[in-house]
Each structure stands twice: as structure tokens, then as C-alpha cells.
Amino acid sequence: MDYNAMELMICLAARALEDGSTVVVGTGAPCAAAMLAQKTHAPNLMILFEAGGVGPILPTMPISVGDSRTFHKAIMASSMPDVMEACQRGMIDYCFLGGAQIDKYGNINSTVIGDFHKPKVRFPGSGGANDLASLCWRTMVITPHDPRRFVEKVDFITTPGYLTGKGAREAAGLPPGTGPYKIITNLCVMGFDDETKRMMVESIHPGVSQEDVVKNTGFELLWAKKVATSEPPTEEELRILREEVDPMRYIIGRQAA
Amino acid sequence: MAETLEAGLGVEDIGTGKLFMDPDPDKAREFFRGKSRALTDKVMSVKEAVSRFVQDGDYVAIGGFGTNRIPTAVLHEILRQGKKNLGLSGHTATHDFQIMAAGGVINRVDVAYVVGLEARGLSKAARRLFEEARIEVCEWTNAALAWRYKAAAMGIPFMPARIMFGTDTARYSAAKVIACPFTGKKLLALPALYPDVAIIHVHRADKYGNAQIDGISVSDLDVARAAKKVILTTERIVSEDVIRGDPTRTAIPYFCVDAVCEVRYGSYPGNMPYEYFSDEDHLKEWLAVDSNPETLEPFLEKYIYGTKDFQEYLELCGGEHRMEELRRLEFLEDGLGAS
């Protein structure tokens, strides 16, 4: 069955979400992944939005993480501090982030390219990303895979990954047991090596070679002992994604890279 | 005393950013001591509210969430009145930041999220402010600013939190690291943020400023309590009986509020929950024209400087007919194609 890279990324992200867990999502692919998970293996997945939407039944893709859709038929129309405090208490299992640059420890830049005081490019900044990555148990990233994004050193650490390696988060003062979990790209799925906390390729998508991944990564990757081939979307997943989650093709109609 | 505390807590100065606002709770108490508690009629025009309560140099906090429940009419009026050197709390400031940047009215910003309009793209006019180094910047996060408001609302000088550690976001903030006196754990101390003026759009308020918000409140309960002056715009002014008939729903009490302005469709082109959806076409036009000063200037002239009030702007944007379309989108009356 034909599918595009965006559809595959959304399916892979959806499968990583456990039933009965909680996830803070943004707009776009993460939101589609959470909706797909709810409609497949994780009907009891609870979705939150950082502006205050808690447990909505999403009628369509939100445009903003604070728009009306984010609390449509929700359990609660709450507030930013309430959602962030739930994260800080340890109640939120997953969050999804993106960014302009990411390094081998999963540190993310969404602030500036170039000098901070006179940047070449100014991006929005942390928003809630630093908060969510500091406080949620598992941070997930869905991102296009290219050497401009996957860099040896990010220009600015907006959001903490594993910082400089094992134990660095805890030493810096972040809550123990948190950190990046899966990095899902248009080429592969990566996790993090237990010993070094460096990014490690776990599966490569069908039709993608190891060389493709290396060529598109600006740092040295670790490879799992047995690198799998990513499981393509099932017919059922694609049907739900196309007919129920994103019928207007706002997300799945986009280029993945 | 301060030294003993500092020594005891082991303060670490990690932030190199500038603290724009004084977190001293006693100075704030002195201000609030002098603030009127009178139950008086505060209804006025947007023009009068901006002229009386927004001074050049003031530090401004904006309610809502960027393109959702934003006080657009007041922001336009700030531009029309040519206010200068304002500070801004960039707590997910998207279209609101875009307006302030386009008008050149701000010279310093606490950044959590600015420049972008979420998935819609980046505002070039807003980017230029940073890339040409025309604005003073201090970095924070959404939770950091939310909790800075909360500390101010509580009347305490800082809020401890467990975010930002190990990052450049912290390095370019004005936060400090302290040790918890009970557990010894590292905590980030976020200084209380008492804005000079908060501008918040609500669903309904009475003439005294008792206000109700439908849907998510974002950080506005704390923003309204933290700010020294509060300008409310409201979709509707209601009688005091409406407030007293259901006091559970009062989000902001009158004694926080200085001005009440009735502005129907006041969040346009933003979304107002249970009222109207965002006008994505108009927001796209904004992003297109603000890429270049040559196209931005006539656009601002047409929609803001050349209009006498927000009503004229709404008329230029399609008036009641367009608002009715946005109401239909909000209530998903034409299916799910809501964009």
C-alpha cells in the first residue's frame, strides 16, 4: 500500500504512545499522532495542550495550541500554569517537540542561528518546549532529517536533551528519569544509548539506506546491535489517518523533508 | 539578612539577561495600597483607556494566547497613539507581538515565544527587530513567565521551579539557581513579574470590571492580579446581576481592573472561543505584507493608522458578513474544514 513519509512518521510516533498515558502535544504531526493512537491501540491516551486544553475530543486539527479545538468537548478548559504544574508534579508521560537544530544528545535549538545579540535568524524561542522537555517523562521529536538540522553543536540550547551525556541532566538540576525518548524522522527512528545518552539508530525506514542516514546527519550516530526496518503503516492505520484524523490533508499532505 | 539568606541558600547567578521589572513585593504592596477599591463605573472607549493607562516606557502584558482571545483593539490603539519604548512580556505573543513589532512601539521583551505565528510561519517584521538588534531581549519559557506572574499575583518575590537548567535559555535569562532549604535540591528562582499594565480580552464583564472568561484562561488569572493597571476589553458588558447570579464564574474581580471597554469581535483576527474562529486569510495577509517594510507601511496605514477605531478596521475586513462566517467556522457548522 502506498504511503508518504509524513504518514509513516505519524504512524511510528502514534505506536510509541502507550494506552492510558498522558501526552502534551502541539499542532501538526504530533497532534495527528496522538489522535491516531487514540483511534487505534490507545483509546485511553489523554491529550493536553500547554495553553490549558485537557482531554479534548478533537473534531479537527487545531491551528494554534490555544485555539477552541484544543478544548472541544474537553474534560477541562484549564490554564497554562495548571498544565505546566501537572508536568512538574510528574503526571505527564510524553511531550512532542520540534526545532531548527538538534545535537547527538537531543539538545534542541529553537531560538537563534548565529550570535544571540545580533542573530542571523531569530526563531520563536522556547515557548513551552524547555518546560515540557524538563518536566515530562519522555520527550519525543518528529523532524525532517538533514545535516543542517542534525548538527554536532547547536547554536543555542533552547531545550535540554541529555545536555553533555549521562547524568548531566540530573547534575544540572532537572528532575531525574526524564529526557529524550524517540527521534522520529523521514529516514529512521532513533533512541538514546543507555551508557552515553547519545542518539542511536533503532530502525531505518523501508527504502532508506544506512548511508542515507549517515549522509544526512552532521554528527556520528550510534547504531543499535540489530537495526530493524521500520514497520510500514497498516491499511487500518492509513484509513483512520486519512479518513478520520486528517481528512483535509493539512498534515499528511505536507512534505516530510 | 539578605546576605545570610544568600549564603544559606547558595545562590548561583546563571542568568546574564537583564531583569526589566523589579520583583520587590513591598514596592508592589505600596502600589496596591494606593490602588482604588471603589466599585465605580469604569466603562470608557479604547482610546481613553490607552491614553490614560498606557504610558510611554510602560511594561505591558497581553492576555490570551497569541491568536486566541487577544485584545486587538487596544494594540491597534497603542499604535495609533504612537506610544513609545514599551516593554513586553512575550508569553506566547504571536499576532499580538507582530502588531507591536510592526508599529515599532516596543524596545525590550521578555521572550518565551515571539516572532512566530505557530504553524502559520514567522513574521519577518518581528524577526527584523532581533536580527537588526533593535530590541533588548531576555529569554524565558512559557512556564517561567506564567510562574513569574503567579509569584507576583501571590505577592512573593520569586517562584522556584525545575525548568531551564543546563540550557542557554537559562544563561540568557535573569534567573538564579538556589538550593531548596528543605530537600537541598537545586531550584530555579524565577523573579516575580509585576507588569505596569495588563491588557486582557474577555467574554463578558460588568461596568465595574468583574469579568468572566469562557474556555481556557491561559495565564490571565495571574496576569490580571500581577499587573499594576488592567485594561479589559469585553465582547459584552453585562449587568452586575449576571456576575452576582453566578459568582463561581468570576475570573477577574473588579478591584484589579482600571478600564472596561466593550469591543464586539475584539479578538479578531484571533479566535474567541464559543464566539468566532480566527481569520486565517487575514493573518496570512499580515505575514505576507510584513515581509517587506514597503508593503507593510501601506497595510498599516490602511488598517490601523488610517482608521479611527476598531469598528472601522472590522468593516475593512468584511464587517458583519465576515464575522458571521467566522462564527460558523467556530461552531463547525459547515463541517470540519475549519481553517
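Lettering of chains follows the sequences in order, A, B, ..., and the numbering in each one begins at 1.
When each of A/P175, A/G28, A/G52 is scored by its heavy-atom pairs under 4.5 Å with chain B, the top score falls to A/P175. Annotation: maximal heavy-atom pairing with chain A below 4.5 Å, among B/W140, B/F130, B/F165, occurs at B/F165. Options B/I163, B/D222, B/L117, B/V115 differ in how many heavy-atom pairs under 4.5 Å they form with chain A, and the most are formed by B/I163. The candidate from A/G173, A/A74, A/G53 with the greatest count of non-hydrogen atom pairs under 4.5 Å with chain B is A/G173. Note on B/G215, B/G270, B/G66, B/A144: by heavy-atom pairs under 4.5 Å with chain A, the leading option is B/G215. Taking B/G116, B/A112, B/G166, B/G90 one by one and counting their heavy-atom pairs under 4.5 Å with chain A, the maximum is reached by B/A112. The greatest number of non-hydrogen atom pairs below 4.5 Å with chain B, out of A/P124, A/A133, A/A168, A/A51, is found for A/P124. Chosen from B/V111, B/I14, B/T169, B/I135, the residue pairing most often with chain A at heavy-atom distances under 4.5 Å is B/T169. Taking A/G125, A/G128, A/P119, A/C87 one by one and counting their heavy-atom pairs under 4.5 Å with chain B, the maximum is reached by A/P119. Counting heavy-atom pairs under 4.5 Å between each of B/A119, B/A170, B/P273 and chain A puts B/P273 at the top.
Of the atoms belonging to B/T141, heavy atoms from both backbone and side chain fall under 4.5 Å from chain A. For B/A146, the part lying under 4.5 angstrom from a heavy atom of chain A is the side chain only. Looking at B/E136, there are no atoms closer than 4.5 Å to chain A (heavy atoms on both sides), in backbone or side chain. Using a 4.5 Å cut-off between heavy atoms, B/F97 makes no contact with chain A at all. Residue contact with chain A, scored on non-hydrogen atoms closer than 4.5 Å, involves the side chain of B/R120 exclusively. Both the backbone and the side chain of B/V114 come within less than 4.5 Å of a heavy atom of chain A. Heavy atoms closer than 4.5 Å to chain A are found nowhere in B/D220, neither backbone nor side chain. Only the side chain of A/L163 comes within contact range of chain B, with heavy atoms under 4.5 Å apart. Contacts between A/T27 and chain B at a heavy-atom distance below 4.5 Å involve the side chain alone, from C-beta outward. Contact of B/K185 with chain A is not made at all, since no heavy-atom distance falls under 4.5 Å. With a threshold of 4.5 angstrom between heavy atoms, B/S219 approaches chain A through its backbone and through its side chain. Only the side chain of A/E50 comes within less than 4.5 Å of a heavy atom in chain B; its backbone stays farther off. The part of A/F116 that comes within reach of chain B is its side chain, from C-beta onward, which places non-hydrogen atoms under 4.5 angstrom from that chain. Using a 4.5 Å cut-off between heavy atoms, A/T159 contacts chain B through its backbone alone, with no side-chain atom that close. Residue A/V121 touches chain B through both its backbone and its side chain, counting heavy-atom pairs closer than 4.5 Å. With a 4.5 Å cut-off on non-hydrogen atoms, A/S78 touches chain B through its backbone but not through its side chain. For chain B, the nearby part of A/A171 is the backbone; its heavy atoms alone come within less than 4.5 Å. Looking at A/V83, there are no atoms closer than 4.5 Å to chain B (heavy atoms on both sides), in backbone or side chain.
Between A/R239 and A/E244 there is a salt bridge, since at least one side-chain N of the basic residue sits less than 4.0 Å from a carboxylate O of the acidic one. A salt bridge does not link A/K166 with A/D194: every distance from a Lys NZ or Arg NE/NH1/NH2 to an Asp or Glu carboxylate oxygen is 4.0 Å or more. Using a cut-off of 4.0 Å between Lys/Arg side-chain N and Asp/Glu carboxylate O, A/D155 and A/K120 are scored as not salt-bridged.
A cation-pi contact, defined as under 6.0 Å to the ring centre and within 45° of the axis, is absent between B/R328 and B/F277.
Aromatic ring centres of B/Y265 and B/Y276: separated by under 6.0 Å. Under the 6.0 Å cut-off for aromatic ring centres, A/F150 and A/H145 qualify, their centroids lying closer than that. For A/F156 and A/F123, the ring centers are positioned 6.0 Å apart or more. Between B/F65 and B/H91, the ring centre distance reaches or exceeds 6.0 Å.
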Report task. Test salt bridge (Lys or Arg N to Asp or Glu O under 4.0 Å) on B/K176 and B/E12 and set out the steps. Result -> CA-CA 6 Å; B/K176 293 175 191 285; B/E12 194 187 332; over 6 Å; no
**Report entry** Evaluation steps, salt bridge (Lys or Arg N to Asp or Glu O under 4.0 Å), between A/K118 and A/D115
**Finding:** CA-CA 5 Å; A/K118 198 169 187 304; A/D115 175 54; over 6 Å; no
Report task. For side chain to side chain donor-acceptor pair (under 3.5 Å), just list the numbers for A/D93 and A/T22, CA-CA rounded to whole Å, side-chain angles, deciding distance to a tenth of an Å, and then say yes or no. Result -> CA-CA 5 Å; A/D93 300 304; A/T22 48; 3.2 Å; yes
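Under the salt bridge (Lys or Arg N to Asp or Glu O under 4.0 Å) rule, A/R122 has a single partner from B/E131, B/E139, B/E132, which is B/E139.
There is no side-chain donor-acceptor pair under 3.5 Å between A/D82 and A/S79.
Considering only heavy atoms from C-beta on, B/D279 stays 4.5 Å or farther from B/E325 through its side chain. Counting only heavy atoms from C-beta outward, the side chains of B/R327 and B/E333 never approach each other to under 4.5 Å.
If you take CD1 on A/I92 and OG1 on A/T178, they are separated by 14.0 Å, rounding to the nearest 0.5 Å.
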